[in-house]
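Working notes, beginning with the structure itself.
For this chain, numbers begin at 1 and follow the sequence in order. This is a predicted model, so every value here is computed, not measured. Every number for a ligand or one of its atoms is a count from 1 in the order of the listing.
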Amino acid sequence: MNIYYLTLFPEMYEGILSSSILKRAEDKGLVNYQTLNFREYANNKHNQVDDYPYGGGAGMVLKPEPVYRAMDEIDLDNARVLLMCPSGRRFDQTFAEELSTEENIVFINGHYEGYDERIRKLATDEVSIGDYVLTGGEIASMAMTDAIVRLIPGVIQKESHENDSFSTGMLEHPHYTRPREYRGMKVPDVLLSGDHKKIEEWRYEESLKRTRERRPDLLEENEK
Ligand SMILES: C[S@@+](CC[C@H](N)C(=O)[O-])C[C@H]1O[C@@H](n2cnc3c(N)ncnc32)[C@H](O)[C@@H]1O
């Protein structure tokens, strides 16, 4: 998979993309990351990428030309082009699974007040990571990259993510490791029993209980 980030702040990606599983995925040749600073595509005297909004109002608006020119440079006709914006489709695990099968993904990251409306025409999808407003799309696209890349076959073991929260339609069951007892808190007996069928049943029940308590909406969604 090739992932491109159109951004005014490429340096924000450095730490995240060169650490942990995202880095390992790149080292294994399963993913390739590329940042493009669209200021370099401004093509005007002061490399200006934003301007005042027509009609007045607060904040600056991203101009269309630098973003269109950066897209011309990538020159892909089969890419998923994701425009980061609070008014987009809410990102979730199902969406991450869908995107993990793509060959080329482009993230267009806004900053300032927003985009010139004509930039939306470049997007195959408009995506939000939640109902809050970030300063820019960079952190949103990094969170999405993490969620997508770990699902690419060969990045982590399939068993490690197929029982994750949301993948099963529920929240994950509790985990315990050694010691058996810590500050009066004991590991449930069933986990020490060696009875795999009982352990599976316990995990399912705990998963269901946790989902009912914390996210009943997920169960309602499954029933639809
Ligand atoms: C300060 S925000 C602009 C918010 C815009 N004025 C609005 O009300 O929708 C600047 C940029 O951050 C990114 N952004 C902010 N919140 C986001 C979210 N929840 N999900 C994805 N991207 C977001 C978008 O790229 C957006 O263009």
Check your understanding: N/O to N/O below 3.5 Å, does that happen between Met84 and ligand 1?
Key -> yes
Exercise for review: Considering the heavy atoms of Gly137, write down every atom of ligand 1 situated less than 4.0 Å from one of them.
Suggested key: 12 (O), 13 (C), 25 (O)
Review point. Between Val127 and ligand 1, which residue portion shows a heavy-atom distance shorter than 4.0 Å: side chain, backbone, both, or neither?
Key: backbone
Check your understanding: Do Val127 and Met144 have side-chain heavy atoms sitting under 4.5 Å apart?
Key -> yes
Review point. How far apart are the closest heavy atoms of Glu97 and Ser167, and which atoms are they?
Key: OE2-OG, 3.6 Å
Check your understanding: Under 4.0 Å from any heavy atom of Glu113, which atoms of ligand 1 are there?
Key -> 3 (C), 4 (C), 5 (C), 6 (N)
Exercise for review: Could you tell me the residue and atom name of the protein heavy atom closest to atom 19 (N) of ligand 1, and the distance to it rounded to 0.1 Å?
Suggested key: Tyr132 O, 2.8 Å
Exercise for review: Please write down residue, atom name and distance for the protein heavy atom closest to atom 2 (S) of ligand 1.
Suggested key: Leu134 O, 3.2 Å
Revision key, fill the gap. Of Arg120, Arg80, Arg90, the one forming a salt bridge (Lys or Arg N to Asp or Glu O under 4.0 Å) with Glu126 is Arg120
Revision key, fill the gap. Result for side-chain contact (heavy atoms from CB on, under 4.5 Å) between Leu6 and one of Ile108, Leu122, Asn37 points to Ile108
Check your understanding: Does atom 25 (O) of ligand 1 have a protein heavy-atom neighbour under 4.0 Å away?
Key -> yes
Point to revise | Closest approach of any protein heavy atom to atom 9 (O) of ligand 1, naming residue and atom | key: Pro86 CG, 3.5 Å
**Study point:** Mode of Tyr115 contact toward ligand 1 - side chain, backbone, both, neither (heavy atoms, under 4.0 Å)
**Key:** side chain
Point to revise | Presence of salt bridge, Lys197 and Glu201, under 4.0 angstrom | key: yes
Review point. Hey, is Ser128 touching ligand 1 through its side chain, its backbone, both or neither, going by heavy atoms under 4.0 Å?
Key: both
**Study point:** Protein contact of atom 20 (N) of ligand 1 - nearest heavy atom, named by residue and atom, plus distance
**Key:** Ile129 N, 3.1 Å
Check your understanding: Does CZ in Arg89 sit with more than 12 non-hydrogen atoms of other residues, nucleotides or ligands closer than 6.0 Å?
Key -> yes
Review point. Do the ring planes of Tyr13 and Tyr5 sit parallel (below 30°), tilted (30 to 60°) or perpendicular (above 60°)?
Key: tilted
Review point. Of Asp50, Val67, Leu62, which meets side-chain contact (heavy atoms from CB on, under 4.5 Å) against Tyr115?
Key: Leu62
Review point. What part of Thr135, side chain from CB on, backbone N/CA/C/O, both or neither, has a heavy atom under 4.0 Å from ligand 1?
Key: backbone
